[in-house]
Amino acid sequence: LVHDPDVHPEQMVGSNLEYLERQLPQIHRILRADINEVLEKSQLIVVGQKRPEFTAALDVLDGKVAILDLVRLVDNPDRAKIANYQGIAW
């Protein structure tokens with residue numbers, strides 16, 4: 001499942017929508033508007049954007065789900081005491 005607050009296929013038209021559906025034909029099946037639905041149904045979360053709602057989600061997860069952080073979502077992951085957290089590429 002995918003949550004990206006910047007992607008709204010229902011608002012896209014023309015070549016933008018065609019490109020999205022050609023590159024990710026499964027987009028309508030995997031994209032979720034509600035971040036909580038993704039968090040509840042996932043075993044691993046890959047974070048690719050630094051956004052306040054993603055940082056807040058770390059508290060909700062409380063170690064239940066593994067997190068792969070590509071953007072350094074928190075400044076000091078060791079101090080945040082987040083279980084199952086791994087930061088790479090920063």
Side-chain angles (χ1 to χ4, degrees):
L1 298 177
V2 175
H3 172 74
D4 187 333
D6 297 322
V7 177
H8 304 280
E10 69 280 357
Q11 296 176 359
M12 299 172 96
V13 295
S15 61
N16 288 333
L17 181 59
E18 289 173 14
Y19 177 81
L20 179 64
E21 290 176 337
R22 186 173 52 253
Q23 297 301 314
L24 289 170
Q26 70 276 25
I27 191 67
H28 298 286
R29 287 193 327 266
I30 65 173
L31 190 65
R32 299 294 188 269
D34 182 9
I35 190 172
N36 292 317
E37 181 182 356
V38 175
L39 298 176
E40 290 171 6
K41 296 180 178 180
S42 298
Q43 296 175 349
L44 169 70
I45 302 293
V46 178
V47 181
Q49 297 177 26
K50 190 169 188 171
R51 300 176 74 108
E53 63 264 37
F54 297 165
T55 304
L58 294 179
D59 295 332
V60 174
L61 293 175
D62 194 28
K64 299 173 193 163
V65 177
I67 301 166
L68 180 59
D69 181 357
L70 305 178
V71 295
R72 195 175 194 113
L73 197 56
V74 292
D75 291 329
N76 190 342
D78 294 331
R79 189 174 286 172
K81 295 182 177 23
I82 303 166
N84 297 322
Y85 179 91
Q86 187 65 249
I88 63 170
W90 40 267

Ignoring hydrogens and angles, write down the donor-acceptor pairs under 3.5 Å from the side chains of residues 83-90, residues two or more places apart or on other chains.
unit_1	atom_1	unit_2	atom_2	d
Asn84	ND2	Gly63	O	2.7
Tyr85	OH	Asp69	OD2	2.2
Trp90	NE1	Asp69	O	3.0
Trp90	NE1	Ile88	O	3.4

Evaluate the side-chain proximity of Leu68 to Leu44: yes if any heavy-atom separation is below 4.5 Å, no if none is. yes
With the 4.5 Å side-chain cut-off for hydrophobic clustering, are Val2 and Val47 part of the same group? no
Residue pair Arg32 / Val38: nearest heavy atoms and the distance that separates them: CB-CG2, 3.7 Å
Tell me the side-chain hydrogen bond (donor to acceptor under 3.5 Å, both in side chains) pairs involving residues 1-13, sequence neighbours left out? Asp4-Gln49, Asp6-Arg51
Exercise: identify the closest heavy-atom pair between Leu31 and Pro9: CD2-CD, 3.4 Å
Work out which heavy atom in Val65 is nearest to a heavy atom in Leu39; give both atom names and the distance. CG2-O, 4.0 Å
Give a yes or no on whether Gln43 atom CD has more than 12 heavy-atom contacts from other residues, nucleotides or ligands under 6.0 Å away. no
Within the 4.5 Å heavy-atom criterion, are Arg29 and Ile27 side-chain neighbours or not? no
Within residues 12-24 or reaching into it, pairs that qualify as salt bridge (charged side-chain N to carboxylate O under 4.0 Å, His left out) - sequence neighbours excluded: none
Check whether Met12 and Tyr19 end up in the same hydrophobic cluster, where Ile, Leu, Val, Met, Phe, Trp and Tyr are linked by side-chain heavy atoms less than 4.5 Å apart. no
Taking every heavy atom of Glu37 against every heavy atom of Leu1, the minimum-distance pair comes out as O-CD1, 4.3 Å
Consider only side-chain heavy atoms of I, L, V, M, F, W and Y, link residues closer than 4.5 Å, and tell whether Ile45 and Val71 are in one cluster. yes
